[in-house]
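Worksheet for the structure shown next.
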Amino acid sequence: MLKKGSKLYSIFTGTCPNCQEESMYTHANPYNLTKLFKMHDHCSQCTTKYKIEPSFFFGAMYISYMLGVAISVAVFIISYVFIGTSLKTSFILIMIAMVFGMPIYIRLSRNIWINLYINFGENKYVKKSV
């Protein structure tokens, strides 16, 4: 399931969606907030261009929104339904999960967004040498 060559591998590891050899991000730690959005322009292994067009990753906001809703619902169900906390405590737990998970959700949404457009072994967005 998480073997090299699958979209899930590229999504969860943050590697190049084309060759899955190199990380798309310049820094591995998403909690380094000053470098959270820093990405390489292209893969050094297969030269796949990550920013396909200007403002390409604005579409990742939709994915981030869906992730946020899914995480919030999951935290609510776990805390309120299964554990039996109050609504106020459940709301506080949702806010904690959203704030502390934000850097991971941002990177995960970017990974999902780029993997919607680039497949493993596809040379569609390879940077052409001049």
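Just so it is clear, the model here is predicted, and its values are computed rather than measured. One is the number of the first residue; the rest follow in order along the sequence.
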Fill in: Pairwise side-chain contact, Asn32 with Leu36, heavy-atom cut-off 4.5 Å (strictly under)
no
Worksheet item: Do other residues, nucleotides or ligands put more than 12 heavy atoms under 6.0 Å from Phe120 CZ?
Response: yes
Practice prompt. Return the minimal non-hydrogen interatomic distance between Ser44 and Glu22, and the atom names on each side.
Written response: OG-OE2, 2.7 Å
Worksheet item: Would you say the side-chain atoms of Ser90 pair up with the backbone N or O of Ser86, donor to acceptor, closer than 3.5 Å?
Response: yes
Item to complete: Using modelled atom types only, decide if a donor and an acceptor are shared between the side chain of Ser55 and the backbone of Phe58 within a distance under 3.5 Å.
Response: no
Worksheet item: Tell me, do Ile114 and Phe57 make a side-chain contact under 4.5 Å, heavy atoms counted?
Response: yes
Practice prompt. Kindly say whether Asn115 contributes a backbone atom to a donor-acceptor pair with the side chain of Lys7 at under 3.5 angstrom?
Written response: yes
Item to complete: Measure up the Tyr62 and Trp113 rings against each other and bin them: parallel (under 30°), tilted (30 to 60°), perpendicular (over 60°).
Response: tilted
Worksheet entry | Heavy-atom side-chain proximity of Gln20 to Ser6 below 4.5 angstrom | no
Item to complete: Check whether Met66 and Val73 end up in the same hydrophobic cluster, where Ile, Leu, Val, Met, Phe, Trp and Tyr are linked by side-chain heavy atoms less than 4.5 Å apart.
Response: no
Worksheet item: Is there a side-chain contact (heavy atoms from CB on, under 4.5 Å) between Tyr25 and Lys38 once you walk through the steps?
Response: CA-CA 6 Å; Tyr25 303 99; Lys38 302 285 184 190; over 6 Å; no
Worksheet item: Are Phe100 and Tyr31 an aromatic pair by the rule of ring centers under 6.0 Å?
Response: no
Worksheet item: Do you know the tightest heavy-atom contact between Asn111 and Gly14?
Response: ND2-CA, 3.5 Å
Worksheet item: Nearest 0.5 Å, what's the CG-OG distance between Leu67 and Ser109?
Response: 6.5 Å
Item to complete: Group every Ile, Leu, Val, Met, Phe, Trp and Tyr by side-chain heavy-atom contacts under 4.5 Å, then state whether Ile63 and Phe56 land in the same group.
Response: yes
Worksheet item: For the residue pair Lys35 and Arg107, what are the closest heavy atoms and their distance?
Response: O-NH2, 3.4 Å
Discussion item. Can you give me the closest heavy-atom contact between Met98 and Gly68, atom names plus distance?
Written reply: CE-CA, 3.5 Å
Item to complete: Could you check Arg110 against Met39 for side-chain contact (heavy atoms from CB on, under 4.5 Å), going step by step and ending with a plain yes or no?
Response: CA-CA 11 Å; Arg110 282 181 166 222; Met39 295 179 70; 3.1 Å; yes
Practice prompt. Indicate, with yes or no, if Tyr117 and Ile11 share a hydrophobic cluster defined by side-chain heavy-atom contacts under 4.5 Å among Ile, Leu, Val, Met, Phe, Trp and Tyr.
Written response: yes
Item to complete: Verify the cluster assignment for Leu87 and Ile77: are they in a single hydrophobic cluster under the rule of side-chain heavy atoms below 4.5 Å apart?
Response: yes
Fill in: Verify same cluster id: Ile94, Val99 (apolar side-chain graph, 4.5 Å)
no
Worksheet item: Hey, mind stepping through Lys4 and Glu21 against side-chain contact (heavy atoms from CB on, under 4.5 Å) and telling me if it holds?
Response: CA-CA 9 Å; Lys4 193 171 183 181; Glu21 294 291 331; 2.3 Å; yes
Worksheet item: What are the two closest heavy atoms between Tyr50 and Cys16, and how far apart are they?
Response: OH-CB, 3.3 Å
Worksheet item: Any idea which heavy atoms bring Ser79 and Ile83 closest together, and the distance?
Response: O-CB, 3.4 Å
Worksheet item: More than 12 foreign heavy atoms under 6.0 Å from CZ of Phe91: is that the case here?
Response: no
Discussion item. Go through it in stages, so that I can follow the logic: the residues are Ser23 and Thr15, the test is side-chain hydrogen bond (donor to acceptor under 3.5 Å, both in side chains), and I'd like the CA-CA distance, side-chain angles, deciding distance and then a yes or no.
Written reply: CA-CA 4 Å; Ser23 175; Thr15 56; over 6 Å; no
Fill in: side-chain contact (heavy atoms from CB on, under 4.5 Å) evaluation trace for Ile118 with Ile52
CA-CA 10 Å; Ile118 301 175; Ile52 298 170; 4.1 Å; yes
Discussion item. So does Cys43 get a backbone contact from the side chain of Thr47, meaning a donor-acceptor N/O pair under 3.5 Å?
Written reply: no
